[in-house]
Amino acid sequence: STGAILQSHTSPAVESALLSSVSAPSVPDAAASTILPLVREGKLSPLQAEGVTLAINRFNRVFTSKGSGRNDGDMRAGFFIGDGAGIGKGRQISATILDAICRNHGRGRHLWISVSRELVQDAKRDLADVGCHVNVHDGAEVLDQMQGGGKKGKGLGAGGSLGKGVLFVTYSLLVSGKRMEDIIGWLAGGSGGDSNTFTSSSSSGKRKVHVDATSKAIEKLEERARMEQNYTGVIVFDEAHKAKNLEADTRTARLVLALQQRLPNARVLYCSATGVSDIKHMVYATRLGLWGSANPLYPTFDSFHATLAKRGVGAMEMLALEMKRKGIFLARTLSWDGAEFHTLEVKLSKEQIARYDGAVRWWFNVKDQMNAALELMNTSPPKSMWRAYWSAQQRFFREMCICSKIDEITKQALKYLENEDHAIVIGLQSTGEAGMEVALEELVKSLEEGAGKRVRRSDSGKIDFEDMALTGLISTAASIMTNLVRNHFPVALPPPEIPKVPDIPPNGFATEADRLEHMRMSDLADRIKNEPPPEPIPELVECRNAILESIRDLDLPPNPLDDMIDRLGGVENVAEMTGRSGRILRKNGKYKYVKRFGGPSKQKSYGLSMPVSREDENDRLNIVEKRKFMEGKKSVAIISDAASTGISLHSDRRCKSSHKRRVHFTIELPWAADKAIQQLGRSHRSGQATAPIYKMVVTELGGERRFASAVSKRMAQLGALTKGDRRAATGTDLSDFDIDSIFGRRALSWTYAALSDQPISAPSRNSNDILDKFVATEGMAAQLKEKDDDAKRALALAEAANALVEVGLTGDPNVKKFLNRIAGLDVARQDLVFKLFMATLDDVITDAK
């Protein structure tokens, strides 16, 4: 007993109602012997100690195997910390490492893998906070010394300064070159060089030396295998969701799996709030003992996955309960008590609607012009042409949706900032950097061709955009259009297909006729290869140029990220934490492209340690920006997907801006639910003075619901698996947006059938109000003045049917495709089609009840 009642955690923490219905197993005193003193000293909260002691207890279990292959031996059990942001995964990892060091009498080497090199500072802090004063080595530096050997490898031996402690590496370092072998070599006790190679001191070529060298090599390999088998240190997969794509056979996922197989007795700790966002993504977590030799019911992961996938979300909930009951998994999260959640639906202004509808007409015109060009040439479209068209159109209208929110977001943000008692966090997924480069290159072309100005280029021919004077912010939405037209608008006949020439038979040709036919095909293939490409048709080149010129008349909005920075006070007030390398800034009324990092730039020194790659340089810059935001020097933080992991932006009681409540705008919904949770967790963490206000910003456009729908569905799955309850992923309820379901597909099928059969009929029992509102819109009311209500509704249904045909929607009830494509309709018809579908969905759900 500590003699006093201990607070369970620094901030209120909760567990889902479903997961809290079962208890984790009790832990023997021996497993908690090193951890209880930390709780008494206040270095660990009881909540954190529970996770650590369960992990220590789990490491005492070994799965035995009857197989004889290299990967079939005994294997130590692992543990999964699935706590949400703010519970203190770093402290729990550090205490687990401390326990392993104590049990090994202060010796041992341990591995901590995370997503960013800058997080090594957090690792050092967490280890020191629990009293684990060991060396934490930067993986890149240690592994470079290992490869160097000789003097460079000094200190890598068992007694050297680099021979013990914690090796901190990133997932990107793990997959680069032969780093994996170096990491295993260091962990298993190697002191430098490649442990799989050997050299002979003699070059006489005598057989005896050769035999000796071979036997020494075998001995060395056997010794290495023994060292790998005997390794018992801790391997931490921090932010383990980075290894989830084993199914897609990514190098990261394969090496994570291989590392566990090579070191079967390692204490493996998986840590991630979103590491099991889908059953199929759990394949890397082999040490949980859910399949394979540890569980005869499921000899392979595929059999385990197939069984649970068939049973849906309910089975995922049962799995989470079973994992907790067995003591292999815990998932707690900070209480969302005090946090506010609002869905902010932005109404489009008349100007925004006119701009959107103008862009819709442009896309339909380009489609018609592409078809006309193909007819003129009497040829079929290249395979990639229409795929590129629909893909570009989806990206374009998604960007238009984001741009339409900027007015409302900046207006609300500035209002919050007036009293200096709030700080703003804005989350988006992409920065539009690729589109920015296209737009700048297009600007250079127009300057050189139209104005006759020469733009300065480097010796390699690259343009230094920093030397260009710009008239304003650049539209990355326009660059999507430009890119499509320049690369995919057909202006010339496709080159003739080169015939495939068969190989010459090993025994020669059977007949003279075969030889002559082979010669003829070879000559034909050579002739086609050497022919110049077909000449562009002047009429089509002129048409393409006219389309490119028409983009300038559309008055498209600027890049949303640059626009927000400009409106919210510039870089002096806005901390940008993204992965992009450059941006357009305004200074003294003039606009210039400025590099954030890398290359010849006047802003390339940030007072940081020397980076080793673009990724490292970007990480360092983002850390500096984060520090300025937390210190209150900047009142707005904008984060993209590239900075959504490992950065804390909450009202931390220890920082100077703790008095400012965070207002977190989610401007762009991520496709993956786990990314949404990672981003929400940046502003809601333990030790915060106030809980944040969340505002999920969506437009009234039906097409944008495609993204909200997908995230809602994934959040339900993620909540079920990681928290044992499908409603527990976050404190907000996105279920209103979940339309990509069995009911959604059925409703879409009914909608298609009603609008394609003759005569056309209303898909929903409640269609009349929707149809009446559509015919009352400004554009329709004048046309239908003389007609009765039934005739007006019939014409509205015909408009909806034509709209579906125009965007290629017939037959297949694919909800994602439907929501993608209707974004390419003008606002009035998009609203009509979407509302008819939603009314039909309501009917389907009512009938199902």
Side-chain angles (χ1 to χ4, degrees), residues 55 58 61 63 65 67 69-82 111 113-115 171-172 174-175 180 184 235-264 266-313 315-324 326 328-331 645 671-675 677-678 714 717-724:
R58 181 69 176 167
R61 181 165 180 199
F63 303 129
S65 172
R70 177 174 179 175
N71 298 328
D72 292 328
D74 295 350
M75 184 173 64
R76 188 187 295 273
F79 187 78
F80 201 119
I81 298 176
L111 179 66
I113 309 177
S114 195
V115 292
Y171 287 100
S172 56
L174 178 68
V175 301
M180 170 82 161
I184 292 175
I235 296 178
V236 179
F237 295 109
D238 195 5
E239 308 297 352
H241 53 274
K242 288 291 175 183
K244 70 183 182 182
N245 290 320
L246 192 62
E247 186 184 51
D249 200 31
T250 62
R251 185 166 164 76
T252 303
R254 277 186 281 118
L255 290 180
V256 164
L257 204 56
L259 191 60
Q260 297 174 78
Q261 290 167 347
R262 293 276 295 276
L263 303 168
R267 294 167 159 83
V268 175
L269 189 62
Y270 309 102
C271 300
S272 174
T274 57
V276 284
S277 56
D278 200 329
I279 292 287
K280 67 184 178 186
H281 292 157
M282 289 180 67
V283 64
Y284 65 86
T286 54
R287 297 296 186 92
L288 297 183
L290 299 173
W291 61 89
S293 59
N295 190 346
L297 283 173
Y298 306 109
T300 65
F301 174 76
D302 289 339
S303 60
F304 173 76
H305 175 233
T307 303
L308 268 75
K310 272 189 275 184
R311 289 162 176 76
V313 177
M316 291 154 70
E317 291 176 336
M318 293 303 294
L319 174 64
L321 291 176
E322 182 67 6
M323 287 165 69
K324 182 188 172 185
K326 284 184 172 180
I328 61 177
F329 172 76
L330 270 185
T645 304
W671 165 246
D674 49 356
K675 287 185 178 178
I677 291 180
Q678 287 288 350
R714 302 284 287 120
Q717 289 180 336
L718 186 61
L721 196 52
T722 58
K723 304 289 184 289

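Keep in mind that what you see is a predicted model, and the values were worked out from it rather than measured. Excluded from the calculations below are hydrogen atoms, water molecules and symmetry mates; all remaining heavy atoms, backbone and side chain alike, are included.
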Kindly give the heavy-atom pair with the smallest separation between [X] and [Y], and that separation in Å.
X	Y	value
W291	T300	CB-O, 3.8 Å
A266	I235	CB-CD1, 3.7 Å
A294	G289	CB-CA, 3.6 Å
R58	L288	NH2-O, 2.9 Å
S114	E239	OG-CG, 4.4 Å
A320	F329	O-CD2, 4.2 Å

Next on the checklist: Could you tell me if the side chain of L308 sits less than 4.5 Å from the side chain of M282, heavy atoms only?
Outcome noted: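 Not in contact.
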Next on the checklist: When you compare the side chain of M323 with that of L290, does any pair of heavy atoms fall below 4.5 Å?
Outcome noted: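 In short, these two side chains touch, coming nearer than 4.5 Å.
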Item to check | F237 and Y171 aromatic ring geometry - parallel, tilted or perpendicular at 30°/60° bounds | outcome: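 The rings of Y171 and F237 lie parallel, inter-plane angle below 30°.
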Checklist entry - What class does the angle between the rings of F301 and F304 fall in, given that below 30° is parallel, 30 to 60° is tilted and above 60° is perpendicular? => result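 Correct class here is tilted.
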Output the distance between atom [atom1] ([X]) and atom [atom2] ([Y]), rounded to the nearest 0.5 Å.
X	Y	atom1	atom2	answer
E317	E322	CD	CD	14.5 Å
T286	L257	OG1	CG	5.5 Å
D238	S272	CG	OG	8.5 Å
R262	M180	CZ	CE	6.0 Å

Next on the checklist: N295: which residues meet the side-chain contact (heavy atoms from CB on, under 4.5 Å) condition with it, sequence neighbours left out?
Outcome noted: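 Only L297, Y298 meet the side-chain contact (heavy atoms from CB on, under 4.5 Å) criterion with N295.
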Side-chain ([X]) to main-chain ([Y]) donor-acceptor, under 3.5 angstrom:
X	Y	answer
Q260	Y284	yes
R267	F79	no
R287	Y270	no

Item to check | Worked check of side chain to side chain contact (heavy atoms under 4.5 Å, CB included) between L259 and L255 | outcome: CA-CA 6 Å; L259 191 60; L255 290 180; over 6 Å; no
Next on the checklist: Go through it in stages, so that I can follow the logic: the residues are V268 and R76, the test is side chain to side chain contact (heavy atoms under 4.5 Å, CB included), and I'd like the CA-CA distance, side-chain angles, deciding distance and then a yes or no.
Outcome noted: CA-CA 8 Å; V268 175; R76 188 187 295 273; over 6 Å; no
